[in-house]
Structure formats: structure tokens, C-alpha cells
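A short worksheet on the structure shown next.
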Amino acid sequence: METRFVKVTILSSALAEALTYKLPEDITEPLGHRVIVPLGKSTAKGLITDWAEKPDFKTKTISDFPDSEPALTPPVLKLAKFISEYYFTPLDQVLLTMLPKGKDPIIDVSAIEKEGHFQLDNDSPKLTRKQNEILSYLHENGTTSLNNLQKSLGKSISAQIRGLEALGFVTRNKRFPKTVERMEKFVSMPQPVRDKGIQIALERINIRAKKQMALFHKLLNADEIPMKALLTEFSKSSIDALIDLEFAEVEDRPVNHSFTGMVLQEKKREFELTDEQESALRRIGDSIDGDKKSTFLLHGVTGSGKTQVYIEAAKKVLAMGRGVLILVPEISLTPQLFGRFRSQLGEDIALIHSAVAKGIRNDQWHALRDGRVRVALGARSALFAPVQNIGLIVCDEEHDGSFKQHNPRPYYNARDMAVILGGFSDATVVLGSATPSMESYFNSKTGKYTLIKMNRRVGNVKLPRVHIVDMKEERQVGIKGSFSRELRKYMDRALLTGQKVILLLNRRGYSTFLQCNFCGHVPHCPDCSTSLKYHITDKKLLCHICGAEFPAPTTCPECGHAIIRFVGRGTQKIEEEIRSIWSDVPVFRMDQDTTRKKGAMVDILQSFGKTRGAILIGTQMVAKGIDFPDVAVVGVLNADIGLTMPDFRAEERIFQLLTQVAGRAGRSHVAGNVVVQTFNAHSVPVQCAVGQKFMPFYKTELEKRRGFSYPPFSRLILIVVSSDDDIKAENRSAIIASELERIFYHTKMQVMGPVRAPLERAKTMYRYHIIVKTGSIRKALPTIAKLIDDDKDIRIQVIPDPIDMM
Ligand code: ADP
Ligand code: ZN
């Protein structure tokens, strides 16, 4: 056979170019394979990214293939190249983002016994000496890991082993190093008891044993409950009593996939699809069945049942033997969604996000790669999950900014790349949202995406009534705290009847800070130029950019005045305020502090879900996706923060946030009330969010964007120049900007800046922004690339399609 050559991108190296190597003869489908190659005097890890022409210089042969199949599927490899080009990032860095970081599986090699086929003392002429040596070793020692074989017989034997495998002399099997299994006790109700139901409890449990009754109910309504969780609510003796009655049984077993604490158990529900769901599904189904795949924008009001449409579409695709990828913007959305998908699809789903332990993530990666698991659900990075033969990609809450990666490179947007990956995989793509991004809606108008609308809530549940409270008026009549009269009225009413309240505090970092009553001084982080947040528990000031901590001053460092007061309030502060007004009401707080611990978010949601008349207070995370039927009131305490941010998307974000949070209320028979407290009662986003009026908002906003030629009417490239030396950063950014202006002079491309970034300093670095407006990212990038040479004092980031403009 003619010698073949391939391009190998070396991983974790500064090499810009892929290197050419000789391919061993037995490898037929090399693209996407991880390899070990000789490099200089040593070896390096790499990945085969392309075929290569026969080079006119001497090349070495690839020394090893650690996996038995390619690590990246052809579409994902194509996506890697696309991302590398579009997001201006070296290919090896993109590949490293995609590949699993955990330990590689162990490869076991076993000899296959074949009668008459092979005799130890009569070397088979087909085999090399080394191969005979390997076989005799295996016959003597039994199955051996590749690693140990290499130790005994030399590093370079893996090609020989592959040859043996091809001839049917040996097999290779993947095995994962044993992770320590955590055992946990689970309590459940035996099926016969379950079948008899509540009647048997009434007969045999003493009516005065209220706790035992409550426990019976609980077990009846759940599949199984970890003992640990039960003990937070019931005494050991109540549990033992039910065990003695044989109403409950305990099982000791390994923790399921270690997802405990990340999944909100969902009971399997069966329902008939609504007409709108039916018709949405029909159109998506046509694409799934058809030859030409489409990208859909599913614009459905909150509570219209979009999730069910995703699930039904997923079932269809799985039945065809293809895989499914589901992207959600943030971890906070995964517990409920994951529970729902798993109970309804009835198969294993890989849950991919940063809170999943590394070892498990690694196992999942291989399970997907080997096709043992066919569905992956997760945040941004799940885009790279090696789902085999993807037939459907869902991107839920597509408008959400957290699909964009900010650090490190590549600065990709998983929503946009989902569409690209769909194209490469011949898959149907569904982008869903109640408040589509301006870009996606525009794309649906121009025909790039197919628009599907769902205008009614399931069960014709009414959209909640939204009340706007002008906080200026409240202040004028002397109302001081965080709660307006109207919000208090609705909350009182709901809590009295045992209904729930969700309170949203917009953005925690901006809320509690200290301010001098006398001179107005606000303490700032000396490194980051942002105001510091006050943490009440340990009386500290904390920087939310760099994490620096300072003791809170008792006197103003500027003027020495003694009194420092709070301006704005953080979630902790609100919690205190709530406790002083509604002293016996259970309060749950969900913010970055209370959800840092693994599983904490699910605990909070679960407890809130089952507590009558409770209040949940939280930051943005409470606005999204959460679905509890008895939430009667949603209060937005400070709708304005954000409107003042120097970002052309500020109004879009406020509109989305208010609309989304309003959608958390009144999701069943309970009539919902939403109270929005604002100092800008008459602004367009606030007014439109009141009636969930997407179209009027979209039209107004679109005209504004057209006027300023902002996306979707242009594409932006943000260049961030930063340095510890302010002058250097400023000079360099000025040079880059003027060069770009000169080069782009006769084109339609526009250069804005340089300006000091709204976030002037971060982690000791001074920051400057240049913004390029262009019709095409790809046309502008090569020019920019020529002007960007990182030196050690200055960092230059090139961010196509930026979301964070700070
Ligand atoms: P969205 O994602 O559009 O906001 P969800 O998918 O969360 O809406 O659905 C809202 C609620 O309605 C959920 O509790 C869901 O289980 C329920 N639901 C969805 N479809 C149906 C249906 N066809 N019949 C009854 N209930 C449904
Ligand atoms: Zn700082």
C-alpha cells in the first residue's frame, strides 16, 4: 500500500502549524484520532486533523494510538476547525477545550484462543517476531493491560498489537480505573404497600402519630429518598416505626452515577399534547424525517410547554437510532430539566457541567463516545460532548448570554455553534425561548431559521398580572425598605393562604455596598475599579472581579465621618428584612453563596417546592426555568440595575429578565401577580415586559439597533487591550485602532475607540476597548490578526460577537 501522510496538531504546545507524519498502514480512519508522535528528542501528544500530501522532507511515523477509535467525531472535528478560524483561536487550544481532561481508560489486551491456529513453539509465519513475543507473553500471563505490556516488552508495541487484533489473535477492551464507590442508604415503599395506598396507613398507623403519617405520604409519592434527606425532616424513630410496620424498606447501594444532589426527581407524567405543541412537533418532525434539516426558533411564551416539545422530538430521534444533544444556559436550569428528560425518555442521559466530578465526566465522555449513552444534557461545554450520530440539537433559553464563553479562549457562543454543528451533523436544531434574542428573531424573519410560535400557556392558564410600582413615589411618601406597599399587600395575601412567593434581586455584585452618609464615598477595589460588596456574616468587603477581601471600615476612609450605611441590598440583607416583617415565614435564599456547595441548589429548590407559604429570594438564577405550580407572587425588587450599564443590550436584557421572571408566577390554577419595582416605570422594556409584549419591544429595539448599526445589522469584534502599565495599554490600543482605521478606510467596516473599558481595571490590568463593526467577521479578522502580537506586557483579546461589553 502506498504510504499515507496526515497532519497532526500538537496539543499543549506553542506550535502554530500542524506537523506532517507518516500513518501506520493498519489505520484506516485516522481523522480525529489522538496520537503520540515523536517530536525532537522526545514524544508529544497530538490529534490528527487532516490528510496531508506526501511531503518533500523526511517525516517520522506516528508512534502510538492510545484510543481504539477517534476521539472526535467527523462533525466535531469540523466544528473545531470552524471555531478555530471564526473565534480566532489556535486549533490546539480549541481541541483541548473539547477533549476530556480526566484519566484515559485502561486498555486490556487478551489473547484469543483458536484451535490449531496458533502454536507457541511454531512461530506463525504471518506474524513478526515481536508479535509472537507478545502472544507468548499473553498466554503465560493472561490478560494484561497495554501499559504493563509496554513496560515488559517495550514502548513501541502498540502497532504490533493492532496488527494482532486485525488478524484476530487478540482483543482490546477499555476499562475504567475503579473510582471509589460511595454507598448510601435509600428508603422506599414496597410495591404491595404502594398498591394498597393510604387505606392501609389509616388502618395501621396510630392517628396521633402525625409524623409517621406524613412520612408515609412522602414515601408513597416518591420513588425513593436518600436516608440523609429524610433525617433532616423526620426522626430516626418515625422512620424505624415505618420499617417495623414493613411500610418502608432500606437499601444500601452505590450512589447513582453520583448525580445525587443535581437532579430534581420528577415523577413520570403523561399528558396529551396541546394543539400548539402538536403542530410545533409536526413541523420539527418533518425536518427530522426529511432530507433537508432545518433550524427552528421556537418562540413560546413561558409555560407554553416548550420542554415537552423538546422531549417528544428527542424520543422521535432516538427511535431512529440517532443521538440527542440538549444545551441549557446555566447549571441552575439543569436539575428540573434533567429530571424531566430522564423520566420521560427512559434512558441514561449524560449530565455535563462543571459541578459533575471530573472522574464521572470522563466516564460519561467515553460512554457517549462508545455509544452506550445517546443523550447529553448540559451547559455550554456540552456542545462538545461526543454524542454519536447526532440527530437533534436543542438549545433552550437561546437568548441567554451565558452561552458565550468569556474566558479562556475560544470565546465561542454555544448557541451559534449549535447551529453550525447541526449543519455539519445533518441534524435538526431547535432554539427555544420566550424572549428570543434580537439576532435569532431577526434570523427567523430573514428565513435563516424557521419560526414556530406558541402563544398560549398549557391549560390556557392566564399570564400573570403585572403591576409596576414607581419607587420614586414610594420614597416620596416615606417608604424606606425594599418592599413597596403594593408588593407587601400581594405577599401578605399569598402567604396567608399558604401560597409561595419568589423575590428577584437583580445582580448581586451591584447591590450591597457601603456608602458614607456624609461625603458619598463608596469603597472600590484598588485593582478592579468596581465597588466592593459588603458581606454581613464576616463583616468583610469583597471584590467580585478578583476576589480580594478587605475588613469593612467603621469610619469613612475619605472624610472620617463615622456613619456608613448600606446602599442597595444584597440577598442576605433582604433575607433579614423579610424576617423582620414576616417573622414566621420560611425563607429560602438562592444565590452564588448558598449554591456553591454541590447539590445545594437542588436542596433549596426541593425544600422550597414542598414548603407551604414560603418565600424564595434570589438573584437572576430564580428567574429562569423554575417551575412550581403554587407560586402566586413574583416580586422584582430592583428592576433598574442594569439599565444603567454601558451596553447596547442593556434594555434587551431587562426585558428578557422581567418577562422570564414574570413567567414563574401563576403556572397553574393559582392566579399570578407580578410586582415590578422600578425607578424607570415608563421605559420601553419595563412597559413591554408587563404584557409579555414581545413584538412591540422587538420592533422598537430593532429600529434603535438599525439606527446605530448594531447587531443584527452588523457584526462586532471587540478588541480588549490590557496591561499592568496604563500608558502602554493606552498607546498600544491607539496604535491598533489607527492602523485599523487606515486599512478599513475605503471599506464599510468601522472602528470605534479606543476607550477605557467600562470595567477599567481587572486583576491589576488596565483595560481599553476597540470595537470593529463589520458586515462579516471572517473578512475583518485577517487584518486584525496581522496587528495583534501579544508581548509579555500587553494582553490583547479579540472577541468576535461579544456579549459582555464591560
Ligand atoms: P415552558 O418551557 O414553555 O415555559 P414547560 O415546558 O415548563 O413550559 O411547561 C409548563 C408546565 O406545563 C410544566 O409543568 C409541564 O409539565 C406542563 N405541561 C407541558 N405540556 C403539557 C400538556 N400537554 N398537558 C399538560 N401539562 C403540560
Ligand atoms: Zn478586585
Side-chain angles (χ1 to χ4, degrees), residues 221 263-285 296-316 324 326-330 332-346 377 392 394-400 415 430-436 440 451-464 466 500 502 605-606 608-610 621-632 634 656-672 674 689 692 694:
N221 288 318
V263 179
L264 213 51
Q265 284 293 345
E266 282 274 327
K267 272 197 291 178
K268 195 167 168 166
R269 289 184 282 192
E270 299 280 346
F271 29 58
E272 259 179 55
L273 296 182
T274 65
D275 291 349
E276 284 188 334
Q277 284 173 325
E278 283 282 2
S279 114
L281 196 62
R282 206 170 324 114
R283 296 176 65 189
I284 295 169
F296 294 92
L297 176 63
L298 179 57
H299 178 202
V301 296
T302 53
S304 58
K306 294 184 289 295
T307 312
Q308 203 57 34
V309 173
Y310 306 151
I311 291 173
E312 297 299 330
K315 283 185 193 161
K316 192 169 167 64
V324 176
I326 304 140
L327 302 174
V328 293
E330 258 173 286
S332 65
L333 286 181
T334 49
Q336 256 194 341
L337 208 62
F338 185 82
R340 230 179 250 182
F341 269 90
R342 193 167 61 177
S343 74
Q344 294 203 47
L345 293 184
L377 184 154
L392 174 71
V394 172
C395 183
D396 193 24
E397 310 289 353
E398 67 84 27
H399 62 276
D400 197 296
R415 186 251 340 256
V430 180
L431 313 178
S433 176
T435 52
S440 293
L451 183 64
I452 301 178
K453 287 206 179 208
M454 301 209 301
N455 296 318
R456 280 186 298 279
R457 288 185 137 191
V458 174
N460 276 323
V461 171
K462 291 240 162 30
L463 281 166
V466 181
K500 295 186 170 67
I502 294 180
L605 286 178
Q606 232 151 18
F608 176 66
K610 72 189 175 200
M621 21 175 130
V622 303
K624 298 175 185 171
I626 299 174
D627 178 16
F628 293 112
D630 53 345
V631 172
V634 169
Q656 286 163 348
L657 180 71
L658 294 182
T659 312
Q660 292 283 342
V661 77
R664 298 310 115 213
R667 286 173 81 88
S668 64
H669 55 284
V670 180
V674 176
Q692 306 234 337
F694 178 80

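Ligands are counted one by one from 1 in listed order, and the atoms in each one are counted from 1 as well.
- Atom CD1 of residue I284 and atom CG of residue L392 lie 8.0 Å apart, to the nearest 0.5 angstrom.
- Ligand 1 has an N or O atom lying under 3.5 Å from an N or O atom of E272, backbone or side chain.
- Remark: T274 pairs with Q277 by the side-chain hydrogen bond (donor to acceptor under 3.5 Å, both in side chains) rule, at least two apart or across chains.
- Heavy-atom contacts of T307 reach the following atoms of ligand 1: 2 (O), 5 (P), 6 (O), 7 (O) (cutoff under 4.0 Å).
- One finds the OG1 atom of T435 at 4.0 Å from the CD atom of Q660 (value rounded to the nearest 0.5 Å).
- Ligand 1 lies within reach of S304, whose nearest heavy atom is under 4.0 Å from it.
- Within ligand 1, the atoms closer than 4.0 Å to a non-hydrogen atom of T302 are 4 (O), numbered from 1 in the order shown.
- Interface of V301 with ligand 1, defined as ligand atoms under 4.0 Å from a residue heavy atom, comprises 3 (O).
- The shortest heavy-atom contact between H299 and L451 is CB-CD1, 4.1 Å.
- In terms of the side-chain contact (heavy atoms from CB on, under 4.5 Å) criterion, D275 has no residue partners (sequence neighbours excluded).
- One N or O on the side chain of E276 and one on the backbone of N455 form a donor-acceptor pair closer than 3.5 Å.
- When heavy-atom distances to ligand 1 are checked against a 4.0 Å cut-off, V458 comes that close only through its side chain, counted from C-beta outward.
- Residue-to-ligand polar distances place G305 within reach of ligand 1: an N/O pair is separated by less than 3.5 Å.
- Distances from ligand 1 to the non-hydrogen atoms of V309 include no value under 4.0 Å.
- For the pair V328/E397, no side-chain contact is recorded, criterion being any heavy-atom separation below 4.5 Å from C-beta on.
- For atom 7 (O) of ligand 1, the candidate residues are E312, R340, Q308; the nearest heavy-atom contact is made by R340.
- Remark: ligand 1 atoms within the under-4.0 Å shell around heavy atoms of T274 are 23 (N).
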